[in-house]
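This structure is a prediction, so every number in the text was calculated from the model and none was measured. When reading the values below, keep in mind they use all heavy atoms of this one structure, side chains included, and skip hydrogens, waters and symmetry mates.
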There are 2 protein chains.
Amino acid sequence: MSEDGGVPTRVRILDTAERMLQVRGYNGFSYGDVAEELGITRAALHYHFKSKAELGQALIERYAARFSAALDALDETAPDAAAKLRGYADLYLDVLRHDLMCLCGMLAAEYRTLPEPLQASVSAFFDTNTSWLRGVLEQGGAEGSLRLLGSPDDVAAMVLGGLEGAMLITRLDGDVARFSAAADRLLNGLVPA
Amino acid sequence: MSEDGGVPTRVRILDTAERMLQVRGYNGFSYGDVAEELGITRAALHYHFKSKAELGQALIERYAARFSAALDALDETAPDAAAKLRGYADLYLDVLRHDLMCLCGMLAAEYRTLPEPLQASVSAFFDTNTSWLRGVLEQGGAEGSLRLLGSPDDVAAMVLGGLEGAMLITRLDGDVARFSAAADRLLNGLVPA
DNA sequence: GTCTATACAGCGATAGAC
DNA sequence: GTCTATCGCTGTATAGAC
């Protein structure tokens with residue numbers, strides 16, 4: 001009686017490793033940890049991902065693709081730039097509600113210890129986010145739903161950094177309400193009085 | 001000819017390990033790394049700090065003490081709450097200029113993998129910072145040098161998280177000017193128009 | 001205070017049977 | 001696709017000589 005619920009082993013590995021990476025970091029979990037939780041051996045793991053770096057690469061790519069899809073959805077459904085920003089902050093809130101750190105935020109901390117390809121993928125994730133934010137901020141300035149008081153680049157850096165950092169600190173005591181309040185305060189500074 | 005410049009080995013160990021911790025994280029450096037850089041053996045290291053956890057504890061305590069002293073200095077020299085906040089952001093800027101992450105911000109990412117005593121010390125560091133910030137924000141509200149638009153607790157969380165997060169992301173590409181601009185934008189939102 | 005030597009567990013990874 | 005077995009290396013930590 002396999003307990004995989006019809007889910008391919010490759011996906012079960014990704015799910016388990018993803019959670020471990022978001023909780024403990026890249027240097028804080030091992031093939032042994034993942035294999036044990038799945039009830040398979042390390043050798044079986046190496047069949048699906050021949051190295052830990054390759055597994056890490058697949059994790060970033062899946063995470064980034066999901067995030068991109070969420071940004072696309074916001075572009076289609078949010079009525080204005082201010083609503084897009086709220087939706088963006090809610091993406092972070094969802095992750096935090098699962099008691100997890102942003103996968104790429106975690107990798108950002110460990111950046112200097114990562115294999116080069118992973119470094120490039122992490123950087124690309126944040127470049128994508130920054131570009132999207134910059135576009136939203138420019139749109140908000142143009143349509144009047146936002147008031148920037150700074151260059152779109154700088155404000156985008158503030159929003160992205162602010163959300164990642166609030167996540168990082170909130171995870172120490174799990175006070176999600178405080179994260180939510182801090183994020184609101186951050187974004188309220190961008191809404192016309 | 002010892003190259004210690006009169007600096008006790010214990011301090012040289014702390015200095016080297018501190019830098020490695022701020023660059024690579026607690027799980028990203030080893031006794032072997034530190035010993036090699038200092039030209040001593042791992043066994044000698046164990047004489048000064050009998051376990052890695054004890055070394056980590058000493059690192060947090062020294063870092064927290066330094067930070068506290070810097071906050072005391074700000075309390076004595078800054079003319080008003082707004083100036084204290086600028087000085088606070090400059091503390092982060094100084095760390096970033098050395099291409100380092102905040103030691104406790106790094107440990108916050110790895111929090112779930114840390115020995116319990118280290119977790120407690122990291123939490124205490126952020127509690128101290130949050131308390132100080134709350135005091136400054138309340139002072140600023142009272143004297144009129146700041147306009148909060150939110151509870152001191154929530155604004156303190158926003159400032160602390162914003163600075164830690166901006167640091168985390170900035171370290172990917174080393175764009176210190178962007179950090180500085182984002183921090184300015186963050187604090188400018190607290191200055192009366 | 002630092003060394004050599006060693007213990008022992010864990011790591012990522014591979015070969016080859018089934 | 002998963003297993004057993006094994007490799008070589010690194011990790012933290014300890015004992016005892018100097």
(message) Under 4.0 Å, counting only non-hydrogen atoms across every strand here, what does A:Tyr47 touch: a base, just sugar-phosphate, or nothing?
(response) base

(request) Rounded off to whole Å, could you give me the NE2-to-P distance for the B:His46 and D:dG16 pair? (result) 17 Å

(request) Name the closest nucleotide to the A:Ala43 side chain, picking from C:dT6, C:dT2, D:dT4. (result) D:dT4

(request) To the nearest Å, give me how far apart NZ (A:Lys52) and C1' (C:dA13) are. (result) 13 Å

(message) The criterion is side-chain contact (heavy atoms from CB on, under 4.5 Å); which residues satisfy it with A:Asp173, sequence neighbours excluded?
(response) A:Asp175

(message) How many whole angstroms separate atom CG of B:Asp4 from atom P of C:dG1?
(response) 12 Å

(message) So, OP1 or OP2 of D:dG11: does either fall under 4.0 Å of a side-chain N or O from B:Ser30?
(response) yes

(message) Distance check needed: D:dT14 P versus B:Tyr31 OH, whole Å only.
(response) 10 Å

(request) Please report, rounded to the nearest Å, how far the P atom of C:dG10 is from the CZ atom of A:Arg24. (result) 13 Å

(request) Indicate whether the side chain of A:Ser121 and that of A:Glu61 have a donor and an acceptor atom separated by less than 3.5 Å. (result) no

(message) Can you tell me how far apart CG (B:Leu168) and OH (A:Tyr111) are? Round to the nearest 0.5 Å.
(response) 12.0 Å

(message) Does a side-chain N or O of A:Thr9 approach OP1 or OP2 of D:dG1 to a distance below 4.0 Å, or not?
(response) no

(message) Holding to side-chain contact (heavy atoms from CB on, under 4.5 Å), I want the full list of residues that pass it with A:Thr128, two or more places apart in sequence or in another chain.
(response) A:Ser68

(request) Taking only the side-chain nitrogens and oxygens of B:Thr41, find out if one of them lies under 4.0 Å from OP1 or OP2 of C:dC3. (result) yes

(message) Could you go through B:Asp153 and B:Arg134, starting from their C-alpha distance and side-chain angles, then the distance that decides it, and tell me whether this counts as salt bridge (charged side-chain N to carboxylate O under 4.0 Å, His left out)?
(response) CA-CA 6 Å; B:Asp153 273 333; B:Arg134 187 173 46 235; 2.6 Å; yes

(message) Could you tell me how far apart B:Leu38 (CG) and C:dT2 (P) are, to the nearest whole angstrom?
(response) 10 Å

(message) Let's see if you can work this out: which of D:dT12, C:dG12, C:dC3 has an atom nearest to the side-chain heavy atoms of B:Ala44?
(response) C:dC3

(request) May I have the distance from B:Ile40 (atom CD1) to C:dC3 (atom C1'), rounded to whole angstrom? (result) 11 Å

(message) Please report the distance, rounded to the nearest Å, between CD in B:Glu54 and P in D:dT14.
(response) 10 Å

